[in-house]
Structure formats: C-alpha cells, structure tokens
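Remarks on the structure that follows.
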Amino acid sequence: MMPRYRSMPAQPASRVPDEAHQPPDEPLWCSRCNTDQHLLVNSIQSHYPPAPNMVDVAYECHACRYSYEHVASVRRVAAVLNRPGVPQGVLQFGGQYLHCGEPMKTKSCELRRIQAPLVLTPGAQLRMYEVLINTRILGCHCGFRMEIPD
Ligand SMILES: [Zn+2]
Ligand SMILES: [Zn+2]
C-alpha cells in the first residue's frame, strides 16, 4: 500500500487552474537506460489531490526490468502510449479502459447466458447452472474488441 497524504486546504479549493500548485510533470523515462524507448505502461490512476490532467502512472522498462511510479500529465503518458511499434496492452484508468492510448468506446451491451458447473455444497454433485450476465463490448478504433461484465 502506498501512503496517501491528504492536504487540508484552509480555503475551498479554487477551480481556477493554478500552474504553481501543479505537481511536477515528469516525463516517462528510464534513467538507467537513459531512454524512454522500452517503457511499457502498467497502470494509470487518478491523482490525489485532483489536478487537471495529472495521473499517477506506473510503468516498466522492459530493457532493464526496472519499474517506475510517479505523477505525470496525461500528455506525457500519451506520448509513450501512442508511440508506434511498442505493443501496449489494455489499461484500466478509473472506470475506463484504454487501448492505443485512447478510452475504448462501448459498442454494444449484451445479455449473455453462461453455463457454469457449480458445486453449491461440499460433497454435493457437480451441477450445471445457467447464469445470466450483462456484458459490455468495448471497441478501439484499431479494431481491438473486448467484452467485460457490466
Ligand atoms: Zn531501462
Ligand atoms: Zn487499439
């Protein structure tokens, strides 16, 4: 668990963006390899306290296997995510899933009927149960599709 520090503002937080109160916007970078060419983003989390376009990003350099975690702007993260040639997996960011560095869009919703073998009480016979689940089909502009339980 990462410690979370909450500041107690003496005044209500201003909605006006104030550059002076922005956390530092560090680029995604492997200081061991001195390059950002081998970085794979593992996760993006909302930053606390909320700052415009700032996220907590965790990534790994797959050349030296060193992992990093710090605050960066969405623009910095996108610079690595949108780079061609490096396959990036699906990322979860808040309630959204990202692929190719962009939030995936809901294509359709479906009600799926799934047959699942279940043993409800220990020692009982294995029985097939029918389960209905709502799923959402998410799609990326590159053609990648993913189905998730709603
Ligand atoms: Zn490295
Ligand atoms: Zn994609």
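Each ligand, and each atom within it, is numbered from 1 in the order the structure gives. In what follows, every heavy atom counts, from backbone to side chain, and hydrogens, waters and symmetry copies are set aside.
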Q) Side chain of R136, backbone of T106: donor and acceptor closer than 3.5 Å? A)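 Such a contact is absent between R136 side chain and T106 backbone.
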Q: Give a yes or no answer on whether the side chain of Y97 reaches the backbone of G139 with a donor-acceptor pair at less than 3.5 Å.
A: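 Looks like no, no N/O pair under 3.5 Å.
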Q) Rounded to 10°, how big is the angle at the Zn ion (ligand 1) from C64 SG to C33 SG? A)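 About 110° at the Zn ion (ligand 1).
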Q: Of all N, O or S atoms in H99, identify the one at the shortest distance from the Zn ion (ligand 2).
A: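 Of all N, O or S atoms belonging to H99, ND1 is the one nearest the Zn ion (ligand 2).
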Q) Does C61 bring an N, O or S atom to under 2.8 Å of the Zn ion (ligand 1)? A)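 Within the cut-off used here (under 2.8 Å), C61 does place an N, O or S atom near the Zn ion (ligand 1).
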Q: Please confirm if an N, O or S atom belonging to C30, backbone or side chain, lies less than 2.8 Å from the Zn ion (ligand 1).
A: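 A backbone or side-chain N, O or S atom of C30 is under 2.8 Å from the Zn ion (ligand 1).
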Q. Atom OH of Y59 and atom CG of L39: how far apart are they, to the nearest 0.5 Å?
A.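 Spacing of OH (Y59) from CG (L39) equals 6.0 Å.
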Q: Please indicate whether K105 has more than 12 foreign heavy atoms, meaning atoms of other residues, nucleotides or ligands, lying under 6.0 Å from its NZ.
A: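 Open.
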Q. Take atom OH in Y66; do more than 12 heavy atoms of anything else shown fall under 6.0 Å from it?
A.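 No, the 6.0 Å shell around OH holds no more than 12 heavy atoms from other groups.
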**Q.** Angle subtended at the Zn ion (ligand 2) by SG of C142 and SG of C140, nearest 10°
**A.**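 About 110°, to the nearest ten degrees.
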